[in-house]
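Data first, discussion second: the structure below is written as structure tokens.
Quick note on labels: first sequence line is chain A, next is B, and so on, each numbered from 1. Note: hydrogens, waters and symmetry copies are ignored here, and every other heavy atom, side chains too, is used. Everything numeric in this text was worked out from a predicted model, so none of it was measured.
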Number of protein chains: 2
Amino acid sequence: MISSKSLLYQKIAGNIEQQIREEVWKVGDKLPSIRAICREQGVSMSTAMQAYLELERKALIESRPQSGFYVSRSPLMRLGVPATSRPKKTASDEQVTELIDRVYSHLGKKDLTQFSLGAPAKELLPIPKLNKAMLQAMREMPDSGTGYEEIQGNLRLRQQIARWSFAWGSQLGAGDLITTAGTMNALSFSLMAVTKPGDTIAVESPVYFGILQLSRSLGLKVLEIPTHPITGIELDALKKELPKISCCLVVANFNNPLGSLMPDENKKALVELMEKNNIPLIEDDLYGDVYFGDHRPASCKTYDKAGLVLWCGSVSKTLAPGYRVGWVAPGRFKEKLLRLKMLHAISSTSITQEVVARFLESGRYEHHLRKLRQTLHTNSLQYIRAIGDYFPDNTKVSKPDGGFVLWVEMDKKIDSAAMFDQLLKQSISIAPGRMFSLQNQFNHCMRLSYGMLWNEALDRKLKLLGRTVREFS
Amino acid sequence: MISSKSLLYQKIAGNIEQQIREEVWKVGDKLPSIRAICREQGVSMSTAMQAYLELERKALIESRPQSGFYVSRSPLMRLGVPATSRPKKTASDEQVTELIDRVYSHLGKKDLTQFSLGAPAKELLPIPKLNKAMLQAMREMPDSGTGYEEIQGNLRLRQQIARWSFAWGSQLGAGDLITTAGTMNALSFSLMAVTKPGDTIAVESPVYFGILQLSRSLGLKVLEIPTHPITGIELDALKKELPKISCCLVVANFNNPLGSLMPDENKKALVELMEKNNIPLIEDDLYGDVYFGDHRPASCKTYDKAGLVLWCGSVSKTLAPGYRVGWVAPGRFKEKLLRLKMLHAISSTSITQEVVARFLESGRYEHHLRKLRQTLHTNSLQYIRAIGDYFPDNTKVSKPDGGFVLWVEMDKKIDSAAMFDQLLKQSISIAPGRMFSLQNQFNHCMRLSYGMLWNEALDRKLKLLGRTVREFS
């Protein structure tokens, strides 16, 4: 869990956190005193204290006055994890449009606590620094970004994304990438490139409703594949369905809404499986940069030898949703993708691409991400702690190692769509589970976003939410 | 030809220009002396002189030393206009991809004279003023444009476009508009909303190749309808084909590549025809603001009572192609369009929408357009003059009353695609006529863009071009 760039106190905290997870220290155990830490680790009092404060902030330990620090009865360990999903084995062409529209119609409302929103709050974005880069771009671009960008996209940006991808073992060059107006735009072109109306595609279950709706709108049938909340799509289940499908689309890193992370060996096996059967794999890697572990997880693209993986990403969840800067590395489908982009959009916005390129170049992106990841990790733990405190004991919750969202499974008799209406009256918005499937399942689940600044008001809202869950149980 | 906001000298020049067009003054006639103009019109010597310089700039008159001003042997009147096109009456699903790719592959080259480019050169864009508006937007938007814009698009921008459209009699409100990432993006969503793969659509012949390619990529068959270089699509011809088509797409104002302008009564008749047959009409009104007459031509949307017209536009040809700011007023297809935008793009770039909104609000857009129109009008006349001077006598040329492009018809035996390759060696790029149809026609035609700053170098390039045309004749 520790980055080589962490500060000393973070390293110590990280070590203790790992020991707690491995139950070297069990719930209720008294931890070594500050003084003992100083002696054992050869650090200052303030460093040792900072390490303990960090662990307290993550709700992993608690201090008892006049006594010392104890391992919390951590909900992270107490609450169960939802089981692997069991969708039907037939492709569906149903819709959940009405419910999605209902949830979406409340998205703009400022007085609502938007647990339903899948994007970072503006307090988490580096706005002044982005503005500075925008100013520089305006000054230094020959046409200040007023002219058409080349169809393939800003070269500097493509170079930077290629370089960025080296960190997790991808071998991309600037020529392998095409920029798009965000990830959904990249997915849309990718689906158009490798499928035709009437085809069947395989996706995780549950999965982001936008992917389901987009596929339906392109006339595709959708096969939902059993997916585990920790390790992602079940490869054995997928394998059986290969004869039916013309494409598979996965969010391997921190699936929305599950937060599941496919182990790198599963990604490798998935890519080999697709290669063996000559089936394209679209990878939505929108959340890969928001990992809580000590390194960026690989992408499926990392293992792509046959050019069958279309790797899609953007800065919409980490930097600036409104910039509409995304990309795709389409492998052997590059010419098709380029043509689709030219026909449907000609080019992407010039200046925002340049700003993101400069942000990556200067190292500011990495710096910003380090902070963002820490904030979101702490948030996720606070949410889980609050769910443990306020929700019924039979609540199950995902334990994401990255991303923005938690998947909460409640009592079987709960209808989270009905609960949504009730919660609106308390100025709370959630994303009901049924939105994330075309099979009328997950009614007793919901997705909660933790992409906001943590504060006591949020804690109170989670308490209110927990009370409503109890009422509906 | 005279705007109420024109300066005095422009009014005088406009009057004389009209008299020349109406042959009150014929080629070779001596015009009244400067002194006579002063006396008759009650203006100063410098005003009268400015009026004559303006007319000289437009190549309508010429001064002879020690003698006075004479009506030029104006090529505008001498050169013939191409005849109405006669495409085949069967829908085509051919492609001209290879040629288009060949032309596109040279678009980025700085040393080429890009007669093939359909966009304004950066010298014609108000870049410093746009940058100022961008700075203000960054400062005054709560999130500096980093957050998602609402799906329908920036409200201020939609209000301004609605207000703008009042000028030519449209009755749009902000709620009727959806912003898009440019016009092609608006056309793409519009086609997706009103057609399904296998359908047939009717378009002008010739028409912008992007429209042909986009339609083919969506699995549509394309029926090309006879079109007149001055008055646009032939309504009688279209009428006969109505049973075959599920949609018609027109560039009523300054069709690219013809520059044709449908008379407003034709637009009205077209809309009534579509309404009677309950067929949607997609209107690409990308060039409507670049008129050379005294008022903005109406749009088909102006006459739309049934909500069947999807009116598409953008600022890509007038303000900033790289901003990717466009829109559609989709009439009764609004919900479908909104959903398509949400699925394929989520939203458009926030900050560039705000900049355009502010530009419209402040009146700077109108101010800029006035200058741009004058520049382009003069350019078009200079091009026609140069074609008259340097091209063979059997050359025919469109006489656009707006837009960016001329359509040139040459000797039947010319293959403009072959000429394209030859011209590259002289650092000249043209758009061969065959690009603008799916029926392997217009081989002896080409499209020339005049969206550049006029200068002697450009005149020399047109001379070189004319020499090559002679060689190929």
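Across B:Q353, B:M342, B:E149, B:R139, the residue that shares the most heavy-atom pairs under 4.5 angstrom with chain A is B:M342. The candidate from A:T183, A:N131, A:D143 with the greatest count of non-hydrogen atom pairs under 4.5 Å with chain B is A:N131. Across A:A181, A:G182, A:G145, A:G210, the residue that shares the most heavy-atom pairs under 4.5 angstrom with chain B is A:G145. For the set B:P120, B:G147, B:G219, B:A345, the count of heavy-atom pairs under 4.5 angstrom toward chain A peaks at B:G147.
Residues satisfying the ring-ring contact (aromatic ring centres under 6.0 Å, His included) test with B:Y208, not counting sequence neighbours, are none. Among residues two or more places apart in sequence or in another chain, the salt bridge (Lys or Arg N to Asp or Glu O under 4.0 Å) test is passed with B:E150 by B:R158. Legend: residues meeting salt bridge (Lys or Arg N to Asp or Glu O under 4.0 Å) with B:R358, ordered by chain and number and at least two apart, are B:E140, B:E354.
A:T349 touches chain B through backbone and side chain together, each having a heavy atom under 4.5 Å away. At a 4.5 Å heavy-atom cutoff, A:L191 makes no contact with chain B through either its backbone or its side chain. Only the backbone of A:S348 comes within contact range of chain B, with heavy atoms under 4.5 Å apart. In this structure, the portion of B:L340 lying under 4.5 Å from any heavy atom of chain A is its side chain and not its backbone. With a 4.5 Å cut-off on non-hydrogen atoms, A:I151 touches chain B through its side chain but not through its backbone. In this structure, no portion of A:L187 lies under 4.5 Å from any heavy atom of chain B. For a residue to count as touching a neighbouring chain, one of its non-hydrogen atoms must lie under 4.5 Å from one of that chain's; by this rule A:L214 touches chain B with backbone and side chain alike.
In terms of heavy-atom proximity, A:M184 sits nearest to B:L343 at CE-O, 3.2 Å. The minimum heavy-atom distance linking A:T97 with B:R339 is given by the pair CG2-NH1, 2.8 Å. Counting all heavy atoms, side chain and backbone alike, B:I127 lies closest to A:T146 at CD1-OG1, 3.6 Å.
Of residues 316-324 of chain A, those residues lying under 4.5 Å from chain B by any heavy-atom pair are A:S316, A:K317, A:A320, A:P321, A:G322, A:Y323, A:R324.
Side-chain contact check for B:K132 versus A:M138: every heavy-atom pair is 4.5 Å or farther apart.
A donor-acceptor pair under 3.5 Å is formed between the side chain of A:N185 and the backbone N or O of B:H344.
One distance of note links OH of B:Y104 with CG of A:L338; it measures 12.0 Å at 0.5 Å rounding.
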